[in-house]
Amino acid sequence: MKKNKLVTLFALLISIFTSFTVCAQEGLGALKYTDTDRVWVYVQEDGTKLISQWKYTKENWYYFDENGESKQSTWAQIDGKWYYFDNFSRMLHDTTTPDGYTVGSDGVWVQ
């Protein structure tokens, strides 16, 4: 009887774990999310975060640093080029940054 209960419990735990693994969805997850700020992580289908990579999603470009967090309200040098990210972590392009610099269509600072 005790063995049957253990087998049943083990089967239940496996089914719960498997359902969570199978249901993992790829996408943005908020670390900080308010009306005026957003810091994101991007979780891939396998459950890992994007690290030191660009991602185009929700009609914007985001960069996820070595900790897997998006850049916010800052300049970042990536592969030798400078990019500006707004308070929602979106890469700015074809515009003037809040501190008065111009970024081109690729988001790179126009010197």
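Using the six-membered ring where Trp is involved, F85 and Y63 have ring planes that are tilted, between 30° and 60° apart. Aromatic ring orientation, F64 versus Y42: tilted (interplanar angle from 30° to 60°).
At least one side-chain heavy atom of V103 sits less than 4.5 Å from a side-chain heavy atom of T97. Side chains of M91 and N60 form no contact here, defined as non-hydrogen atoms less than 4.5 Å apart. Looking at heavy atoms from C-beta onward, Y83 lies out of side-chain contact with W61 at the 4.5 angstrom threshold. A heavy-atom distance below 4.5 Å is not found between the side chains of Y101 and V110. Looking at W54 and I78, their side chains come closer than 4.5 Å, going by heavy atoms from C-beta outward. Under the 4.5 Å side-chain criterion, counting only non-hydrogen atoms from C-beta, P98 is not in contact with D86.
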Step by step, would you call Y84 with W109 a side chain to side chain contact (heavy atoms under 4.5 Å, CB included)?
CA-CA 8 Å; Y84 188 85; W109 170 41; over 6 Å; no

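Of all the heavy atoms in N87 and S73, the pair that sits closest is CA-OG, 3.2 Å. Y56 and E59 make their closest contact through OH-CA, 3.4 Å (heavy atoms, listed as atom of the first residue, atom of the second, distance). Contact detail for Q72 and R38: the closest heavy-atom pair is NE2-N, 3.2 Å.
Evaluation of the salt bridge (charged side-chain N to carboxylate O under 4.0 Å, His left out) rule for D106 yields no partner, not counting sequence neighbours.
A distance of 8.5 Å separates CG of D65 from NZ of K49, quoted to the nearest 0.5 Å. Interatomic distance, CD of Q53 versus CD of E66, reported as 13.0 Å (0.5 Å rounding). Residue W75 holds its CH2 atom at 8.0 Å from CG of L92, rounded to the nearest 0.5 Å.
The number of heavy-atom neighbours closer than 6.0 Å to CZ of F88, taken from other residues, nucleotides and ligands shown, is above 12.
Of the possible donor and acceptor atoms, one in the side chain of D94 sits under 3.5 Å from a partner among the backbone N and O of S105. Under a 3.5 Å cut-off, the side chain of S89 and the backbone N or O of K71 do form a donor-acceptor pair. When atom types are taken as modelled, the side chain of N67 and the backbone of E69 share no donor-acceptor pair closer than 3.5 angstrom. Side-chain N or O atoms of T96 include none that pairs as donor or acceptor with a backbone N or O of G100 at under 3.5 Å.
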